[in-house]
Amino acid sequence: MSGNQLCCQRHEEMEVTEEGRRQVEEQVEQLLAGQGSEVSGCDVGLDQSKPATLRKNVTYIVCGVIFNDKEEVLMVQEAKQDCYKLWYLPAGRVEVGESLGEALRREVRQHTHTRAHAHTHTRTHTCVEAVCLQVKEEAGFDCEPITLLLIQEQGPQWIRFIFLARVTGGNIKSLPAADQESLQASWWDRQSVLPLRGRDILRLIDCGLKYRQDPWHPVTLPVDLSCRHVLQRLVLVFTNSDEQIWILLLKAPGLHLPTAAAVKTHAVTWAANMVVQEAMPSAYHDHDVNTLGVFSLQHNGRQHGKTDGVCFNTLVALVPDRVQRNEDGEKVAFIPAGQPPPVENPRYVWLEVRKPTLREKLLEKTKNTSILPLHSLY
């Protein structure tokens, strides 16, 4: 970075008020703690995104990984014609506007033995509700989510939320109770031969076992806050060799973390690339934009087409490409940067994190990636 660029960056930081700095640091700490923050707008990509509408342009799948005391995993035998008699984890689509209360009422109609505790539950997040409902319908059990284990996506149009959950009541479904949802359920020891509908679940089961033995990220459950689009809110950081750390922010209408819409033709995490391209186009090709994981996610599906979206509060690291080349394409020595690349768009500013506790938490998260993983299946 030239002396003029460094001077300009310092001048921009001086324009940031202490109140603005405090508010940003508080918001980042809130997200690190697994909480949410109201979505007041979208800074990048809104013109390339349509409001999320279940059954129209987005599909959310929920999947439950549930173990008993013997570390056997709960499996259900499919009733659908295209995978008849094959086994899979309890999984299915989130229904339009579905709440936990509505799901329980539907279960009362299907399984009258649940009537006694139909009113002991309160409304929680749609994805969590759907996990409970799906397990009940397919396996005969009541359950409650413990944490999200993993999020998988194929762009904003298809997102799967995998929960680790526990049984809280009910009886395992047997063949005489077979219906259109499933034929039966069983505890699988993972050793005996079982014809699986898809081997993709083996990774999810393994993920659940590992989390039970050694949780590598905090308990993370959806936060009940509405969102119209599928968005990525970025805590986008740059770290130097001295472990100084900066966060990329937008200046107006007040200092805030960038929020970008997911674009249908790309992975959800491409939103972070769009922000970097807009903020510092010259530096984009010399850096990797790494979405490391999710601090928290926000969703509320009560108003169809208006609140079907999801906001992923993500940690993103801007990392210099260590393979540097000159104009002739020859490799040159990599020299670590002491400062983040200069912003070229006046909408943005880098802010150095000065609060010691926040700096340490962010450094720990970037080094160990100890947050909920978000994987693209593209």
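Reckoned from all heavy atoms, side chains included, excluding hydrogens, waters and symmetry mates. Quick caveat, the model's predicted, so the values are computed rather than measured.
Phe238 places a side-chain heavy atom less than 4.5 Å from the side chain of Pro320. Put simply, the side chain of Leu196 reaches to within 4.5 Å of the side chain of Trp188, judged on heavy atoms. Looking only at side-chain heavy atoms (C-beta outward), Ser186 and Gln77 stay at 4.5 Å or farther from each other. Residues Leu374 and Glu153 form a side-chain contact, since some pair of their non-hydrogen atoms from C-beta on lies under 4.5 Å apart. Looking at Leu362 and Trp246, their side chains never come closer than 4.5 Å, going by heavy atoms from C-beta outward. Residues Leu257 and Val235 have side chains in contact (heavy-atom distance under 4.5 Å, counting atoms from C-beta outward).
Taking each heavy atom of Ser49 and His229 in turn, the nearest pair found is OG-ND1, 2.9 Å. Shown here for His304 and Leu54, the closest heavy-atom pair between the two residues is CE1-O, 3.0 Å. Nearest heavy-atom pair across Glu78 and Cys83 is CB-O, 3.2 Å. The shortest heavy-atom contact between Cys143 and Thr168 is N-OG1, 3.6 Å. Nearest approach of Leu250 to Pro258, heavy atoms of both residues: CD1-CA, 3.6 Å. Of all the heavy atoms in Ala261 and Cys42, the pair that sits closest is N-SG, 3.5 Å.
In this structure, CG in Leu255 is found 4.5 Å from CG in Leu249, a value given to the nearest 0.5 Å. Annotation: the span from Arg359 atom CZ to Glu25 atom CD amounts to 12.0 Å, rounded to 0.5 Å. Atoms SG and CG, from Cys207 and Leu202 in turn, are 12.5 Å apart once rounded to the nearest 0.5 Å. In this structure, CD1 in Ile66 is found 10.5 Å from CG in Asn68, a value given to the nearest 0.5 Å. Distance check: Tyr284 OH to Leu318 CG gives 10.5 Å after rounding to the nearest 0.5 Å. Here the straight-line distance linking atom CZ of Arg233 with atom CD of Gln298 works out to 5.0 Å at 0.5 Å rounding.
Using a 4.0 Å cut-off between charged side-chain N and carboxylate O, Glu26 and Arg22 make a salt bridge. Of the charged side-chain nitrogens involved, none lies within less than 4.0 Å of a carboxylate oxygen, so that Lys361 and Glu364 do not count as a salt-bridged pair. For Lys355 and Glu29, the salt-bridge test passes: some basic side-chain N is under 4.0 Å from an acidic carboxylate O. Between Lys210 and Asp206 there is a salt bridge, since at least one side-chain N of the basic residue sits less than 4.0 Å from a carboxylate O of the acidic one.
Checked by atom type and distance alone, the side chain of Lys251 never pairs as donor or acceptor with a backbone atom of Arg347 at under 3.5 Å. Of the possible polar contacts, none joining the Arg212 side chain to the Leu164 backbone as a donor-acceptor pair under 3.5 Å is found. Asp43 places a side-chain N or O within donor-acceptor distance of the main-chain N or O of Thr259, the cut-off being under 3.5 Å. Within the 3.5 Å criterion, the main-chain N or O of Glu352 finds a donor-acceptor partner in the side chain of Arg21. For the pair Asp242 (side chain) and Gly338 (backbone), a donor-acceptor distance under 3.5 Å is absent. Here the side chain of Thr307 pairs a donor or acceptor atom with the backbone of Arg302 at under 3.5 angstrom.
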Evaluation steps, side chain to side chain contact (heavy atoms under 4.5 Å, CB included), between Tyr88 and Asp200: CA-CA 10 Å; Tyr88 206 68; Asp200 61 314; 2.8 Å; yes
Derivation and outcome, side chain to side chain contact (heavy atoms under 4.5 Å, CB included), residues Thr220 and Ile371: CA-CA 9 Å; Thr220 308; Ile371 51 179; over 6 Å; no
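When the side-chain contact (heavy atoms from CB on, under 4.5 Å) test is applied to Gln81, no partner is found at least two apart in sequence or on another chain.
Residues Thr53 and Asp308 bring no donor and acceptor atom of their side chains to less than 3.5 Å of each other. Side chain to side chain, Ser37 and Gln30 fail the donor-acceptor criterion of an N or O pair below 3.5 Å. A donor-acceptor contact under 3.5 angstrom links the side chains of Gln23 and Glu19, judged on distance only. Side chains of Thr314 and Gln232: a donor on one and an acceptor on the other come within 3.5 Å.
Leu221 and Leu297 fall within a single hydrophobic cluster, where Ile, Leu, Val, Met, Phe, Trp and Tyr are joined by side-chain heavy atoms under 4.5 Å apart, directly or via other members. Leu231 and Ile247 are assigned to two separate hydrophobic clusters, defined by single-linkage of ILVMFWY side chains at heavy-atom distances under 4.5 Å. With hydrophobic clusters built from ILVMFWY side chains whose heavy atoms lie under 4.5 angstrom apart, Val58 shares a cluster with Leu148.
Screening residues 263-272 for side chain to side chain donor-acceptor pair (under 3.5 Å) gives no qualifying pairs among residues at least two apart or on separate chains.
Apart from Leu377 itself, the hydrophobic cluster it occupies contains Ile61, Trp158, where clustering links Ile, Leu, Val, Met, Phe, Trp and Tyr at side-chain heavy-atom distances under 4.5 Å.
Ring geometry for Tyr211 versus His217: interplanar angle of 30 to 60°, hence tilted.
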